[in-house]
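Worksheet for the structure shown next.
Everything numeric here is computed off the predicted structure, so don't read it as measured data.
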Amino acid sequence: HHLVLSAHCLNRAVMRQNQLILDTLDGVRFDETDRILDLLKQKATGRESGVAGSGHGYAMSAASRKMSSLAEASYHSGGMAGIRTLKALVKRLEDDKERAALGAQLAELHQLVAAQPRQWLHIGDSEGLEMMRGAATTTWPENGEASPMLALPPVREHVNELWLINATVNYCARAWAAVPSGHADSPALAILAQYLRDGFLHSAIRERGGAYGGGASYDSEIGAFRMFSYRDPRLDETLSDFSRCVEWMHSDGHDPELLEQAILGVISSVDKPQSPAGGARADHYARLYGRDPALRRQRRASLLSVTKADLERVASTYLGETFSQAVLAPAGKEDALRAQWSDVYKL
């Protein structure tokens, strides 16, 4: 992962833009602790109010949080646990000494981040290219080698988690440990998610179950396969539908066109049109994370060659009886739900 600073400007303002970015990174202050507290309060309020609109994402994050160290870190920073931690931090920072201590910690962390190697990406027309190159060499010096400061320990555990929230509906998620993007089964898992959503989950969870939405996703970054529901009036029945979905995958009578539709659905996201600047930016980040054009072409070809037998094989391999699950449920149903869940939390 990287810290990214970006800006847009006309060619004549390139030098000022570059200096502004450099000042933002190197000149940031952490002694204005009252301002830091105000920003954290805004962030905590925004995060909590946004749970209802993105509850399925929070549920999937919780369900898959023990699939990898990256998933666990994301859960504790941007997931449900991150919201609760942020609220507790805001409360603790009402104390002046605590605010001063946080400012010192942020300053120390900033020094570590600022010492990491730097890269510069310019996207523009040919007329401004030389000016951009010169600006980068004069205002954006290279420095240091990468340090393991953000290295995370490996994680692989089971989760059975309930979060009580201020809502009248449920958000359900189930997750299975899978494989990362470089694995040979990754393309079939990506197609499988679309196949299960189109072939079973949409009908079972939305049309018959009454939820606003439902589906499956494969996250190649954390190596997890997940099913979810969104604004769901049901809970136990939806979790049962997740199990029935796996059984359906191995049943007979599937429409042959369903596979073609699933492949086209995934490929459309790969081949979506981009602006020239957007395409250059996407190519830069793909290369940054080791996905050069040859690798991307190979993955696209692998997606197009996925067969029904491949889907059945990866479903048998990864979607077994060992899974994790998490639910965001109405706080008013706490008494009825506590007995079913090993871990129960409140925001």
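Hydrophobic clustering (side-chain heavy atoms under 4.5 Å, transitive across Ile, Leu, Val, Met, Phe, Trp, Tyr) groups Leu235 together with Phe323. Residues Leu189 and Val306 share a hydrophobic cluster, clusters being chains of Ile/Leu/Val/Met/Phe/Trp/Tyr side chains in contact below 4.5 Å. Ile83 and Met60 fall into different hydrophobic clusters, where Ile, Leu, Val, Met, Phe, Trp and Tyr are joined by side-chain heavy atoms under 4.5 Å apart, directly or via other members. Linking Ile, Leu, Val, Met, Phe, Trp and Tyr residues whenever their side-chain heavy atoms come within less than 4.5 Å places Met249 and Ile191 in a single cluster. Taken together through direct or relayed side-chain contacts under 4.5 Å among Ile, Leu, Val, Met, Phe, Trp and Tyr, Leu337 and Phe242 form part of one hydrophobic cluster.
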From CA spacing to verdict: salt bridge (Lys or Arg N to Asp or Glu O under 4.0 Å), Asp31, Arg29:
CA-CA 6 Å; Asp31 57 344; Arg29 292 172 50 184; 3.0 Å; yes
Evaluate the criterion ring pair (Phe, Tyr, Trp, His ring centres under 6.0 Å) for residue pair Tyr318 and Trp176; output intermediate values, then yes/no.
CA-CA 7 Å; Tyr318 301 104; Trp176 290 263; over 10 Å; no
Residues Gln19, Asp23; criterion side chain to side chain donor-acceptor pair (under 3.5 Å); working and verdict
CA-CA 6 Å; Gln19 189 60 51; Asp23 290 343; 2.9 Å; yes
Going through the distances and angles, do His2 and Tyr289 end up as a ring pair (Phe, Tyr, Trp, His ring centres under 6.0 Å)?
CA-CA 10 Å; His2 294 78; Tyr289 292 108; 5.2 Å; yes
From CA spacing to verdict: salt bridge (Lys or Arg N to Asp or Glu O under 4.0 Å), Arg65, Glu157:
CA-CA 9 Å; Arg65 70 183 183 91; Glu157 298 176 21; over 6 Å; no
Between Cys245 and Met227, is the side-chain contact (heavy atoms from CB on, under 4.5 Å) condition met? List the steps.
CA-CA 10 Å; Cys245 181; Met227 297 181 188; 3.8 Å; yes
Worked check of side chain to side chain donor-acceptor pair (under 3.5 Å) between Arg174 and Ser243:
CA-CA 10 Å; Arg174 180 172 291 181; Ser243 298; 2.8 Å; yes
Checking side-chain contact (heavy atoms from CB on, under 4.5 Å) for the pair His250/Ser316: CA distance, chi angles, key distance, verdict?
CA-CA 8 Å; His250 300 293; Ser316 297; 2.9 Å; yes
Would Arg208 and Glu237 satisfy salt bridge (Lys or Arg N to Asp or Glu O under 4.0 Å), going step by step from the backbone distance to the final call?
CA-CA 11 Å; Arg208 295 195 297 273; Glu237 298 90 337; over 6 Å; no
Start with the C-alpha gap between Leu40 and Leu102, add the side-chain angles, then the distance that decides, and say whether side-chain contact (heavy atoms from CB on, under 4.5 Å) holds.
CA-CA 12 Å; Leu40 290 175; Leu102 176 64; 4.0 Å; yes
Run the salt bridge (Lys or Arg N to Asp or Glu O under 4.0 Å) test on Arg287 and Asp283 for me, step by step, so that the C-alpha distance in whole Å, both residues' side-chain angles and the decisive distance to 0.1 Å come before the verdict.
CA-CA 6 Å; Arg287 293 173 186 269; Asp283 179 72; 2.7 Å; yes
Dump the intermediate steps for side-chain contact (heavy atoms from CB on, under 4.5 Å) on His183 and Ser220, then the final yes or no.
CA-CA 9 Å; His183 195 280; Ser220 61; over 6 Å; no
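Considering only heavy atoms from C-beta on, Gln340 comes within 4.5 Å of Asp236 through its side chain. Considering only heavy atoms from C-beta on, Asn166 stays 4.5 Å or farther from Leu347 through its side chain. Proximity of His158 to Lys66: side-chain heavy atoms (C-beta onward) are nowhere separated by under 4.5 Å. Residues Val51 and Tyr171 form no side-chain contact, since every pair of their non-hydrogen atoms from C-beta on lies 4.5 Å or further apart. Contact check for Arg299 versus Arg296: no side-chain heavy atoms found under the 4.5 Å cut-off. Counting heavy atoms from C-beta outward, Arg16 and Leu20 have side chains that stay 4.5 Å or more apart. In this structure, Glu161 and Tyr345 have side chains that are in contact, with non-hydrogen atoms separated by less than 4.5 Å. Within the 4.5 Å cutoff, no side-chain heavy atoms of Tyr218 are placed close to those of Gln194.
Of all heavy-atom pairs spanning Ala277 and Ile123, the tightest one is O-CD1, 3.6 Å. Taking both residues in full, the closest heavy atoms of Ser64 and Arg226 are given as OG-NH1, 2.9 Å, listed atom of the first, atom of the second, then distance. For Leu303 against Val270, the heavy-atom pair with the smallest separation is CD1-CG2, 4.0 Å. Contact detail for Ala7 and Ile21: the closest heavy-atom pair is CB-CD1, 4.1 Å. Counting all heavy atoms, side chain and backbone alike, Tyr58 lies closest to Gly78 at CE2-O, 3.3 Å. Minimum interatomic distance between Val169 and Arg231 (heavy atoms only, all atoms of both residues): CG2-CA, 3.8 Å.
To the nearest 0.5 angstrom, Arg244 atom CZ is 10.0 Å from Leu201 atom CG. Within the model, atoms NE2 of His56 and OG of Ser61 stand 12.0 Å from one another, a figure rounded to the nearest 0.5 Å. One finds the CG atom of Leu164 at 9.0 Å from the CG atom of Leu328 (value rounded to the nearest 0.5 Å). A distance of 7.0 Å separates CZ in Arg281 from OG in Ser6, rounded to the nearest 0.5 Å. Between Leu37 atom CG and Glu32 atom CD the span is 13.0 Å, to the nearest 0.5 Å. Note that the CG atom of Asp185 and the OG atom of Ser302 stand 11.0 Å from one another [nearest 0.5 Å].
The backbone N or O of Phe200 lies less than 3.5 Å from no partner atom in the side chain of Ser203, so there is not a single donor-acceptor pair. Under the 3.5 Å distance criterion, the side-chain polar atoms of Ser186 are left unmatched by any main-chain donor or acceptor of Gly182. A donor-acceptor pair under 3.5 Å is formed between the side chain of Ser275 and the backbone N or O of Gly278. In this structure, the side chain of Asn170 does not engage the main chain of Cys172 through any donor-acceptor pair within 3.5 Å. Remark: side-chain polar atoms of Thr317 are paired, donor with acceptor, to backbone N or O of Arg313 under 3.5 angstrom. Formation of a donor-acceptor pair under 3.5 Å by the Thr45 side chain with backbone atoms of Gln42 is not found in this model. In terms of modelled atom types and a separation under 3.5 Å, the side chain of Ser251 and the main chain of Trp248 share a donor-acceptor contact. Looking only at distances, a side-chain donor or acceptor of Ser342 sits under 3.5 Å from a matching main-chain atom of Asn160.
Counted by atom type alone, Asp241 and Thr238 present zero donor-acceptor pairs between their side chains at under 3.5 Å.
Within a 6.0 Å radius of NZ in Lys43, no more than 12 heavy atoms belonging to other residues, nucleotides or ligands are found. Residue Glu207 qualifies as enclosed at atom CD: its count of foreign heavy atoms under 6.0 Å is above 12.
Classification of Glu94 and Arg99 as a salt-bridged pair fails, no side-chain N sitting under 4.0 Å from a carboxylate O.
Looking at residues two or more places apart in sequence or on another chain, you find no side-chain hydrogen bond (donor to acceptor under 3.5 Å, both in side chains) involving Tyr230.
Here the two rings, on Trp120 and His122, have centers that are under 6.0 Å apart.
Taking the six-membered ring for Trp and thresholds of 30 and 60 degrees, Trp163 and Tyr75 have ring planes more than 60 degrees apart, a perpendicular arrangement.
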